[in-house]
Amino acid sequence: MSQFQEKTQIIRIERLTTDIIRLTLESSRIVSTAKPGQFVMIRTGNGKDPLLRRPFSISQIANGKYFQILFKVVGRGTALLAHCREGESLSVLGPLGSGFRIHSNGPNCLVGGGMGIAPLLFLGKTMARQCSAPPLVVLGARNREELAPLVDDFAELGLSVHPATDDGSFGHHGLVTDVLKNLGLGDDCMTYVCGPHLMMTAVHLFCKDRGYGCQVSMETAMACGMGACLGCIVPLEEGGYGHACSDGPVFDAKELLWEVK
Ligand SMILES: Cc1cc2nc3c(=O)[nH]c(=O)nc-3n(C[C@H](O)[C@H](O)[C@H](O)COP(=O)(O)OP(=O)(O)OC[C@H]3O[C@@H](n4cnc5c(N)ncnc54)[C@H](O)[C@@H]3O)c2cc1C
Ligand code: FES
């Protein structure tokens, strides 16, 4: 485990909204090996409270030594993280898990909801460099306040973004699947999805119906993050369970057992 663990310094803290925060951390080792879709486990307190590290997607890398995480304050661990200061160091384990498998010849479409948008930024930047055509990006959130700063990040990469909000305050008023239906995706499209479980289920069903490929990132609760407990199991279509932390978090949606078929 020790080769994955290190103290990383917080270089920059940006508050995008009252409860959505971006941290820039320094680690040449993590940056040199990280793939889009992978995550890190961060100790958010003194190691006793909370006892367990918390998982966060690597949302961007830059300049060979900086990586970013983007998180929302939802409980004790993220609240502690929100109170960190620039210059402090965090104990970070990673990069962990499998990443997205990029289809270099596209067409590709990234679909993110809420904080599930975080890993898609790193993926979008990588695709903009590697793929024959840039991906389409469909992003959903509750309202303009939560979505607009994230849309700006993708737009800065030169990607075409289609926003949707629950309250209609930014982009389409409604679901990301409404937007997908109107995009006219190519026959051999691959979608890359991360967000709330209900949203991922809906996108999986949409893709299954049309014969599109679909990769989903499963953000289950996690304890160890390394395949050593059963904290993160997800049911598989073929029977049995997979570990979201080590077999995933990215799975081919067809490999998973979904509640709705
Ligand atoms: C692989 C992976 C990548 C992730 N990437 C990000 C990210 O980039 N940005 C981000 O903001 N969050 C991300 N998460 C979720 C993040 O880990 C949780 O929000 C965090 O652990 C909550 O810790 P806490 O102590 O603040 O909240 P807790 O006190 O542990 O929980 C507070 C509330 O949040 C709910 N909760 C906890 N974990 C999750 C989860 N995984 N999904 C949905 N609800 C949860 C709990 O049920 C509870 O209601 C990721 C999770 C995984 C597994
Ligand atoms: S979190 Fe322990 S096995 Fe996945």
Side-chain angles (χ1 to χ4, degrees), residues 1 4 13-25 30 34-61 67-84 90-100 110 112-124 139 141-142 146-147 149-150 153 192-201 215-236 240-251 256:
M1 186 194 276
F4 289 118
I13 301 174
E14 296 161 83
R15 283 181 189 274
L16 305 191
T17 70
T18 46
D19 58 0
I20 298 180
I21 296 163
R22 175 158 42 219
L23 296 188
T24 301
L25 297 140
I30 290 176
K35 296 188 195 74
Q38 288 192 299
F39 65 98
V40 290
M41 297 287 287
I42 298 185
R43 183 169 291 149
T44 58
N46 55 13
K48 292 184 184 143
D49 174 30
L51 183 63
L52 300 172
R53 293 167 185 267
R54 299 294 192 252
F56 299 95
S57 300
I58 297 169
S59 84
Q60 197 51 280
I61 60 168
F67 74 96
Q68 293 182 327
I69 64 161
L70 183 69
F71 69 94
K72 183 168 185 168
V73 177
V74 294
R76 174 91 177 131
T78 45
L80 284 167
L81 212 49
H83 281 99
C84 289
L90 295 172
S91 171
V92 177
L93 204 61
L96 299 169
S98 64
F100 289 103
L110 317 187
M115 284 300 101
I117 294 170
L120 301 184
L121 195 58
F122 184 12
L123 180 63
L139 304 179
R142 287 190 309 184
E146 288 194 355
L147 194 54
L150 308 182
D153 288 339
Y192 306 79
V193 195
C194 189
H197 196 73
L198 269 179
M199 185 210 91
M200 294 207 292
T201 306
Q215 296 176 36
V216 291
S217 181
M218 302 297 286
E219 296 198 340
T220 57
M222 287 184 182
C224 71
M226 303 189 78
C229 69
L230 295 174
C232 65
I233 52 169
V234 287
L236 301 176
Y241 295 90
H243 290 100
C245 65
S246 50
D247 302 319
V250 179
F251 292 86
L256 299 174

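Start at 1 and go down the list; that is how both ligands and their atoms are numbered.
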Does atom NZ of Lys72 have more than 12 heavy-atom neighbours from other groups under 6.0 Å away?
yes
Measure from the side-chain N and O atoms of Gln215 to the backbone N and O of Tyr192, and report whether any donor-acceptor pair falls under 3.5 Å.
no
Judged by atom type as modelled, is there a donor-acceptor pair below 3.5 Å linking the side chain of Ser57 to the main-chain atoms of Ser59?
no
Atom-level proximity to ligand 1, residues with heavy atom under 4.0 Å
Phe39, Arg54, Pro55, Phe56, Ser57, Leu70, Phe71, Lys72, Val74, Gly75, Arg76, Gly77, Thr78, Met115, Ala118, Glu219, Thr220, Met222
Between Arg54 and Arg76, is there a donor-acceptor pair closer than 3.5 Å when you use the side chain of the first and the backbone of the second?
no
Residue-level breakdown please: for Ala228 versus ligand 2, do any non-hydrogen atoms fall below 4.0 Å on the side chain, on the backbone, on both, or on neither?
backbone
Output the list of atoms in ligand 2 that are nearer than 4.0 Å to some heavy atom of Gly225, sorted by atom number.
1 (S), 2 (Fe)
Considering the heavy atoms of His243, write down every atom of ligand 2 situated less than 4.0 Å from one of them.
3 (S)
Distance under 4.0 Å to a non-hydrogen atom of Ala223: what atoms of ligand 2 satisfy this?
1 (S)
Taking Glu14 as the fixed residue, which of Ile20, Ile21, Leu70, Thr24 is the one that meets the side chain to side chain contact (heavy atoms under 4.5 Å, CB included) rule?
Thr24
I'd like to know if the side chain of Arg15 reaches the main chain of Ile13, judged simply by a donor and an acceptor atom lying under 3.5 Å from each other, with no hydrogens or angles considered.
no
Answer with side chain, backbone, both or neither: which part of Cys229 has a heavy atom less than 4.0 angstrom from an atom of ligand 2?
both
For atom CG of Leu236, decide whether the heavy atoms of other residues, nucleotides or ligands shown that lie under 6.0 angstrom number more than 12.
yes
If I take atom NZ from residue Lys35 and atom CD1 from residue Ile58, how far apart are they, to the nearest 0.5 angstrom?
10.0 Å
Gly227 neighbourhood, listing ligand 2 atoms whose heavy-atom distance to it stays under 4.0 Å
3 (S)
So, Ser98 side chain and Gly248 main chain: donor-acceptor pair closer than 3.5 Å or not?
yes
Angle subtended at atom 4 (Fe) of ligand 2 by Cys245 SG and Cys232 SG, rounded to 10 degrees:
100°
